[in-house]
Every structure is written in structure tokens, then in C-alpha cells.
Protein chains: 2
Amino acid sequence: MKEKRKISIKDISKKLGISTTTISFIINGKAENRISKEVIKKVEDYIEKVGYKPNSTAQTLRTGKSKTIVFMAEDISDPFFSAIAKEMEEIAFENSYKIIYCSTENKKERALELLTLFKDRQVDAFIITPPEDFKNEMEELIKENKQVVMVFDRYYDDFEHNYVVLDNLDSSIRATRYLLNNGFQNVGFVGLKSDISTTQERLHGYQQVMAENAKKERSVLVSFDEVKTPTGKKKIYEFISRNPQIDSLLFATNSLAITGLKLLKEMGLKIPEDISVLTFDDRDLFELYSPPISVISQPVSHLANELIEGTLNLLEEDLKPNSRFQKVLKGKLVERTSSQRISENNAI
Amino acid sequence: MKEKRKISIKDISKKLGISTTTISFIINGKAENRISKEVIKKVEDYIEKVGYKPNSTAQTLRTGKSKTIVFMAEDISDPFFSAIAKEMEEIAFENSYKIIYCSTENKKERALELLTLFKDRQVDAFIITPPEDFKNEMEELIKENKQVVMVFDRYYDDFEHNYVVLDNLDSSIRATRYLLNNGFQNVGFVGLKSDISTTQERLHGYQQVMAENAKKERSVLVSFDEVKTPTGKKKIYEFISRNPQIDSLLFATNSLAITGLKLLKEMGLKIPEDISVLTFDDRDLFELYSPPISVISQPVSHLANELIEGTLNLLEEDLKPNSRFQKVLKGKLVERTSSQRISENNAI
DNA sequence: ACGTTTTACTAAATCGATTTAGTAAAACGT
DNA sequence: ACGTTTTACTAAATCGATTTAGTAAAACGT
């Protein structure tokens, strides 16, 4: 089978005896008040007939716009990030943007590698979940002002930038208060060892409420790499063993909670009778678990919409350095059985 | 802050008084036996010094290779596909390929839209999970031979193509035999209503084993869109109600199983005492469930590796139309409590 | 000693679009 | 009636690489 070469604007130009300039104007909707209706019709009909589509690489080379957005997630296989990816995808495609994904694994070196890779390529925008210890790199990237940069799931205090995040402080405060109000006296916190705003705020919200209520704060911090490993589980185990008075656990992420639930099961602790559980980030798992696990759920759809629409808006404004897109959304406390107080007489 | 324009090969040419031809040869490793060592050194040193990186868009325009692979998943937010995406990503980047993702939602129209979108753009390869009723479009795409096309998670009998799939027939046969061997007399099958090879083979494997053992086949097929809806759950409910003799359920996908587990819980049926459960596709949920759910797990890492390495190999061979990459991997039966036969005396 | 081959390069074309800087003819204004 | 503006276009430059088709000088062969 003979390969037929793709048709170019030059071919059309020759075929119709019309300059490429004119054709380009027509394609790009700049023909109004410049080109006669007859010529417009002739060109449009021909384009329709042969199914011509401009070569996007050539357009990118000439205009510097690639219609490409890089989504640098912490981990694209994490249900939270893949759900966000899915929602963003649709809106991006509707606006003829494509999305390239990658995962930092919360590792600085990997993020840097990916960033250098994409800075060289033409990319219009970055949606980034910056890893640990990446503030300087992010600040530099943003100051360069070559692409739209949207920060997701965390943010920085020290400089101006676009971001979409959950109100983690507020969520954590509400979560902790809720557990105390349910009558749990000794709420423990299982968090990530991290300087990222997200985990910091979740810890601080908990600490703040415990302090307000003159309760002793008890927390354990697991590092990102350990969460899914025996080491991580062991850390939580030791935390619980050392603090037998704990009657309730607030987990800062869903991965921590999953490790925690495995552990509690192994330890033979009953939820919520022996220890109640509440975690950040919903997953279908949690609703189905026995007992169903209470969560602070992030508004995934809303977050994804703000992320992609904010990014597209900024792209349209064409990098005006002073317009900022900053959204802080509220979490939703979903009460299920795992955080319920079982009254003493019922428990027996 | 003044934006400094990116340096081009022409700038280097002017600066060093060396033609762009020579520089291009050096950059692309074609300098051997052509260009003197001194010039090579001079150019390489300068490139190193100013940190020059060729503009990839220009390269794409000239060479026709974009170093881009499109991963068209059924649904990128599905844990199976996002796990595959994650594993492929790393290898792709190591080989300086980038991946654009999209989801067909198993809808023909959407897949067609996405395909037309990407066929116009320069894309080197497609990794596609074709939706329902998309055979002709796939055959055409493959025959055009413009990009490497890798089919994933399903395949076609009628024409030659590259694919990576699970041995679904074998897996289903083993799964059904296993349930019968465990003493379950009436195994029911909950599948997808679909002409895709994957779901067809899973059904046929079940039917084959039931026939071999002179057992009555009982199955319900739910359409893709209904799986996560009340309608889907209702269909399974009616199936179970109409067939009270069923003592074991084989689910063809993890989404079906999740809907099924919710239903069994609502119906108050005990697993595995009242009804045993086995499902395709592992998820962390299943291990943690009470009781832990037995699964036929797909070798995700292995699949992803074959997919991306197969694709990269085919890309290197530069579209030789006759070389085919076809891998059929075995599933792994993971026995957990949900499929165990509880002996009568223990049951009481 | 002189034709041929090899070495070490370069000028210009090319990929396929957009954009700048123009022009000829028609219409307008007074 | 004649200069000016508007209309409707086009030629050529440009984005930044790679590649084709060459060439001048050195080395080689007999």
C-alpha cells in the first residue's frame, strides 16, 4: 500500500492558486474584513473536502505554543492523583490541550530530572505536586515565567504563585474536634515526616485542637518511602504500643490508613470499640471496609476542575506575570462507623 | 527581569565560526571519521558551557519523530490502568520518550475522537485499549502503518497486530476449576456484556469448565456503564435471587466485584459460608476486606514492562511492517479466605 | 607528476506552518 | 480630478533543527 503524504498548506496554495498567507488567515479565523467571502468559501470547502489538518509541530515551532500541559503528580498510580488526572483530561482535550503525566515519587532528584527534561521541550504549562525540599527550584521556575506554573496539593508561604489546595488546616481542626466531641479522650495522630504544607497543616490542626482542649498530643511521623513497608507498619505499631491510652487515630493520608488498618487487624484491635479511626482522603475501600471508615474527603472533581480551568485561563491570559490563581477548597467530613462512639452498655 | 532567548544551533554556528551542519553532526554522534577531533572538542565544550539543548519541536518537524507515545487507557483512574501507566512512565522517560494519556471510557465515539486528534499530531506510537466495537478502526490504523500500534488488555483474531494481554481463557479455566475443586457445586459468573476478547475469554473459560463437569452454567452480564450504578447492582441482585442454589461467584472484573461485595453485604450473605467469591484483578482493597477476597491477579509490572519495551523495540526497528510483538502472560491465582470451603461442622 | 580518493568541512534546501512588510486596484473625499 | 484610504490579496522571512549536495585541500597510488 502506497503511503500518501499528508497534505500541507503549500499543496493547497498550489492547487487553488491562493497564497499560503491567505490560507493561513482563513484557517486561523483572521480572514474577517481582509479576505473576500468567495475566497474564504473556496478554501474552506477544499479543506473540508481533503480533510486537511495543520501540522501542529510546525505551528508549535512558529508560535512557541505547544498546547501541552505537563502534570507532574506525586504518584500517578495513587487513586487520588489518578482521579484528578482523569477529570483534568476531559476538559483539557475539549480545549485541545494534551496532558503528559509523570510521577515524582516525592523525590527531589526525580522532580528535577523531569523538570529539566520538560523545560527544554516546548510545554505551555506545568501542574506540579512539588516533592520535599523543592522550594527553591519551584521559585526559580515560577520567576522564569516561561510557562504557566500551577502548584497542586500544597503551596508555599514565601512567594507568590498559583495553587489549588485543600484547606488542610481547617480539615484537620474539624476532624480532631469531631473525634473529641464523639467522646474520644486520647486522639493519636499518624502523619508523614515531611516539610510539605499539606502534611504540616494536617499535623498543626491536630496539635492546635489538642492544645485548646488541654489534651496531650501524641503523634508518630512516618517517612514517605516507608509508608507501604514493614518499617512503616512497625513504626505505627510501636507508637500504639508505647501509648496504650490512645482510643482514636487520625491518619494524615489514605496510604497511612491502609497500613494502619492492616496493623490494627493483625493486632486484633476492634474498630471503633478498641480504637476509632478517621483518615484523610476517601477511597472506595473505606466505604466497604468492616466497619466502614470515616474520612475527610477531598472534593476531587472540584479540585481537578479548578486546576485545569485555572491553568487554561492563565494560558489564555498569556503569562501575565501578575495574575494569580489561588484556590483553597474545603474538605468534607464523611462520618462512617469507624469513628462512632459505641456506648458502654451497647459494647457489652 | 529580562528574558533571555534560548540559544539555537545558529547562535553556536556564528559564535564559533563553524557551520550548523558540522554542529548538527557532532550533536547527533555522526561526527566520527568526518570531523576533526579539535572541532568536536571545541563544539562539545561550548555546548556544555552554555547548556545548549536542541529544540525538540524543530527536530520533530524535520525528522518526523516526536518521541511521544499516546497511552489510550480504558480509564486512567482505574487502579489497574494507572498502575500500568506508572510502570511504563519510568521506562519511557529513561528512553527520553514522553507519554500522553487519555481514557476512552470504553466508548467508541470517544476513542475515535481521540484517535483523530492524535493522528494529526506527530505521535510515534499508540498503546491502546480499544473499546467495544472498534475493530475496523483499529485494523485501519494498523494497516496505515504510520505509527507503532500496541494493543493492550485485549486482541483481535482476524488480523495481525502487536499486543500484550493476559491469558484470560487459561485464567478463567483455572479459576473455575479451583472453585469446583474446593467443593462448590454451583458456581455463578458475573461478567461484562461486551464483545472484547478479555471478557469473552473470561466467560468462555468458565462455560468450558462447567460443561466439562456437567454443571449448569449460570451467568449474568452487566454492561460497562452500569457496573457502578444501582442498575448494575440490581442486575446482580436479581441474578442471585433467581438462582438461590448458587454457592460461589466468579467476578470478571474488580469493579464488578466491588459492586457485588456491596450487594452481598446489603443482602446479609456471609462470605464464604453462604457464598464464596473469587474475582479478576487484585486491589489492595481485596486483601484487607473481611474476609480477604481471593483473586486472579494480573502481573502488572510484567505487563507494563512488556508493553513499553515492546513498543520501544518496535520504534527502534522503525516500523518494519512485518515484525510483530505478541505477549500472552499468565495470571496468578491468589487464594484468600473468600473462596475457602468452610467444612460443615466448623460452620455451626 | 598527476589523476584519484579521502578528509574535513559548508551553503542551501527542507520540514510546514505563521507573520511581516509589502502592493495593485478599487473606493472615497473634497 | 486627483491624492488618500481601504480592500484583498502575496512574496519572502521566520521558527530551529537535519540533510543533501556539494567543495577545497590533503593524502595516496603508481
>> Minimum heavy-atom separation for B:Asn162 and B:Val149, please, with both atom names.
In response: ND2-O, 2.9 Å
>> Below the 4.0 Å mark, does C:dA17 have OP1 or OP2 next to a side-chain nitrogen or oxygen of A:Tyr52?
In response: yes
>> Less than 4.0 angstrom from a charged side-chain N to a carboxylate O is my criterion; do B:Glu139 and B:Lys135 meet it?
In response: no
>> If you only use heavy atoms from C-beta on, which nucleotide in D:dA17, C:dG16, C:dT19 is closest to the side chain of B:Ile9?
In response: D:dA17
>> One thing to verify: whether A:Glu105 and B:Lys86 come together as a salt bridge, which I'm taking to mean a side-chain N less than 4.0 angstrom from a carboxylate O.
In response: yes
> Do A:Thr22 and D:dA8 have a side chain to base donor-acceptor pair shorter than 3.5 Å?
Replying inline: no
> How many Å lie between CZ on B:Arg121 and C1' on C:dA17, as a whole number?
Replying inline: 14 Å
> How many Å lie between CD1 on A:Ile47 and P on C:dA17, as a whole number?
Replying inline: 10 Å
> What residues form a ring pair (Phe, Tyr, Trp, His ring centres under 6.0 Å) with B:Phe80, not counting sequence neighbours?
Replying inline: B:Phe152
>> So, does A:Ser8 get its side chain near the phosphate of C:dG16, meaning an N or O under 4.0 Å from OP1 or OP2?
In response: no
>> In this structure, how many angstroms lie between the P atom of C:dT10 and the CD1 atom of B:Ile18, rounded?
In response: 7 Å
> Do A:Lys119 and A:Leu141 come within less than 4.5 Å of each other through their side chains, counting heavy atoms only?
Replying inline: yes
> Atom NZ of A:Lys14 to atom P of D:dA11: distance rounded to whole Å?
Replying inline: 13 Å
> Do B:Lys107 and A:Glu90 meet the salt-bridge criterion of a basic N to acidic O distance under 4.0 Å?
Replying inline: no
> A:Lys10 has an atom NZ; how far is it from atom P of D:dA13, in whole Å?
Replying inline: 13 Å
> Between B:Ile23 (CD1) and C:dA11 (P), how many Å, whole number?
Replying inline: 11 Å
> Given atom NZ of A:Lys53 and atom P of C:dA17, what is their separation to the nearest angstrom?
Replying inline: 13 Å
> Angle, rounded to 10°, between the helical axes spanning five pairs at each terminus of the helix from C:dA1-D:dT30 to C:dT30-D:dA1?
Replying inline: 40°
> Taking the side chain of A:Thr21 as its heavy atoms from C-beta onward, which of D:dA17, C:dA17, D:dT10 lies nearest to it?
Replying inline: D:dT10
> Within this structure, what is the CD1-to-P distance between A:Ile12 and C:dT18, rounded to whole angstrom?
Replying inline: 11 Å
>> I'd like to know whether the aromatic ring centres of B:Tyr156 and B:Phe134 sit less than 6.0 Å apart in this structure.
In response: no
> Do A:Thr60 and A:Gln122 meet the criterion of a side-chain donor-acceptor pair at a distance under 3.5 Å?
Replying inline: no
> What about A:Thr20: does its side chain form a donor-acceptor pair under 3.5 Å with the base of C:dA17?
Replying inline: no
> Where is the tightest heavy-atom contact between A:Ile18 and A:Ser13, given as atom of each residue plus distance?
Replying inline: O-OG, 2.7 Å
> Which of the following nucleotides, D:dA17, C:dA17, D:dT19, is nearest to the side chain of B:Phe25?
Replying inline: D:dT19
> Out of D:dA13, D:dG16, D:dT18, which has the shortest distance to the side chain of B:Gln59?
Replying inline: D:dT18
>> Using a strict heavy-atom distance below 4.0 Å, which residues from residues 27-42 of chain A are in contact with DNA chain C?
In response: A:Asn28, A:Lys30
> Where the side chain of A:Leu61 is defined as all heavy atoms beyond and including C-beta, which of D:dT18, C:dT18, D:dC15 is the nearest nucleotide?
Replying inline: D:dC15
>> Is the ring pair B:Phe81/B:Phe71 parallel, tilted or perpendicular, if the boundaries are 30 and 60 degrees?
In response: tilted
